[in-house]
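Here the structure comes first, spelled out in structure tokens, and everything after it is commentary.
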Amino acid sequence: MQTVDLIDKKRLGQALTREELAFLVGGFTAGRIPDYQMAAFLMAVCCRGMTNEETAALTSEMLHSGEQLDLSAFGDRSADKHSTGGVGDVTTLIVAPLVAAAGGVMAKMSGRGLGFTGGTVDKLAAIPGYRLTLSPADFLRQAGQVGCAVVAQSGELAPADKAIYALRDVTATVESIPLIAASIMSKKLAAGARNLVLDVKVGAGAFMKTEAEARQLAHTMQAIGRAFGRRVRVVLTEMNGPLGAAAGNALEVAEALAVLKGGGAPALRQVSLALAAELIGMALALPPEQAAAKAEALLQSGAALEAFERWVAAQGGDPAIVQNEALLPAAPYRREVTLPQSGYFAGANALAVGRAACLLGAGRLTKDQPVSPGAGVRLLVQPGEPCRAGQPVACLFTDRAALLPEAERLLAGAFTVTSAPPPPRQPVLAVLREDDLA
Ligand code: URA
């Protein structure tokens, strides 16, 4: 078999066999196939697509490129979630303790931020003392005892995805439904949970710009999950504006705590509850309305906040942050940005806020750059609120004062003010359950 013939076959729009995909994935991961040939193949996939059978075979080859976690000790209760990437999206820190408080087991590996989107691992790293790596035995023990363990993605799981993703990132081949589906599902299948909820973002600040594309991605991933005997539900959520009021690691941890205490940004609360309800429903075999009521009750009663405290303490983090947010890292330089006109605040542009937060130090502009835990952007006005010209709309936080003017420039035009009150934000667009596949 020759790599060049397989690239040609895909360029002509033909479907590759399982053996041919195994040859490509195995050869690339082992270093036998060079970057330029894999990049040409990936571009051909972007332009020509893949059949469902090819996407499932690609996923399977990527899944089997590394180790797989065995969560069978938790039976049907193991749960995991994945978001396709957003701004101000700190849902894992709310969903994980909700699932634990309900009696499920959230044993999860999370990634770091990518581009302008935030990553759960960077947020957890902002909690003083929190251990991002645990031995497999400690990971399973903590998940069993506390109902929740979240660590950094292990390089041992789906290493083919790691290698292919790095190449896609620099060859404009990220935005392809079969490639995204195989990437996400190979990692999630390797991580072993029986129940998976996928938060597929739609909008200006998401990979999927339209709901139709997002539904296609959702169905592709659900079909893969079903082929591998997992339960997969998808919540389609709107990502035109940041989900919460904060973009930046410690700022988002503080906001997750606000939601767990009954406050916080309404959209973040709503999406977190929707994701948690689907996992609780699957893990505890509850119908959707009962699962939603349970999630809501666990948030209201403070049981989820207590589960958060137990989880953070078990993983070496300082649980005192729950009562005293001043213990979280803070950036020394701050600047307020003001609104140019009066009216009603209709929202912020997620892409602009994400880029500004990243530039201020919350994310990475190069692969190995360290992030600043206290840096980011906090919105000071909620969508729908009346506002006046000159009113502060956001506060910028950074360790390097010289970055503030450029961040302000990125945010120019990012805030929309309307003369009439905007319609209330509806961040949950749709929930796709197993039955929707039939
Ligand atoms: N997230 C992933 O893990 N993979 C992709 O390809 C896109 C988003």
Side-chain angles (χ1 to χ4, degrees), residues 21 25 28-29 38-39 41-47 49-50 54-56 58-63 65-66 80-87 89 91-92 108-123 150-193 196-210 213-222 224-225 230 232 234-237 239 243 275 350-351 354 358 363-364 367:
L21 289 165
V25 173
F28 180 63
T29 315
M38 195 61 179
F41 172 72
L42 293 168
M43 186 55 85
V45 173
C46 281
C47 298
M50 278 185 153
E54 278 181 293
T55 309
L58 177 65
T59 309
S60 173
E61 292 310 321
M62 288 163 64
L63 161 68
S65 67
D80 194 356
K81 76 167 267 285
H82 186 87
S83 147
T84 56
V87 177
D89 174 5
T91 50
T92 293
K108 175 167 168 48
M109 300 206 169
S110 286
R112 58 183 210 168
L114 188 70
F116 66 91
T117 65
T120 299
V121 153
D122 294 330
K123 296 168 204 189
V150 184
V151 293
Q153 187 76 41
S154 152
E156 314 291 318
L157 266 54
D161 174 60
K162 197 169 179 204
I164 294 172
Y165 197 93
L167 193 57
R168 287 169 59 213
D169 206 15
V170 290
T171 54
T173 53
V174 171
E175 270 126 320
S176 148
I177 286 177
L179 295 181
I180 295 177
S183 164
I184 292 176
M185 292 306 291
S186 62
K187 283 190 288 260
K188 292 288 129 183
L189 293 171
L196 176 60
V197 70
L198 300 166
D199 178 359
V200 175
K201 310 276 187 199
V202 188
F207 287 131
M208 299 291 118
K209 305 293 178 211
T210 66
E213 284 174 308
R215 280 181 184 268
Q216 203 189 331
L217 174 62
H219 281 127
T220 308
M221 294 193 289
Q222 281 185 296
I224 296 171
R230 311 293 173 89
V232 181
V234 179
V235 181
L236 296 185
T237 62
M239 182 43 69
L243 186 58
L275 296 168
L351 196 59
C358 187
R364 295 172 189 82
K367 215 172 84 192

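Treat the numbers as computed from the prediction; the structure is a model and nothing was measured. Here, residue 1 is the first one in the sequence, and each next residue gets the next number. Counting convention: from 1, in listed order, for ligands and their atoms alike.
Not a single N or O atom of Tyr165, backbone or side chain, sits closer than 3.5 Å to an N or O atom of ligand 1. Every N/O-N/O distance between Thr84 and ligand 1 stays at or above 3.5 Å.
Side-chain N or O atoms of Arg168 include none that pairs as donor or acceptor with a backbone N or O of Leu42 at under 3.5 Å. The closest donor-acceptor contact from the side chain of Gln153 to the backbone of Gly111 lies at 3.5 Å or more, if one exists at all. Under the 3.5 Å distance criterion, the side-chain polar atoms of Ser186 are left unmatched by any main-chain donor or acceptor of Met62. Counting only distance, with no hydrogens or angles, the side chain of Lys187 and the backbone of Lys162 share no donor-acceptor pair below 3.5 Å.
Under a 4.0 Å criterion applied to the non-hydrogen atoms of Ile184, ligand 1 contributes the atoms 1 (N), 2 (C), 3 (O), 4 (N). Atoms of ligand 1 found under 4.0 Å from any heavy atom of Ser183, numbered from 1 in the order shown, are 2 (C), 3 (O), 4 (N), 5 (C), 6 (O).
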Next item on the list: Test Asp199 against Lys81 for salt bridge (Lys or Arg N to Asp or Glu O under 4.0 Å), laying out the working first.
Entry: CA-CA 7 Å; Asp199 178 359; Lys81 76 167 267 285; 5.5 Å; no

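The closest approach between any non-hydrogen atom of Val174 and ligand 1 is not below 4.0 Å.
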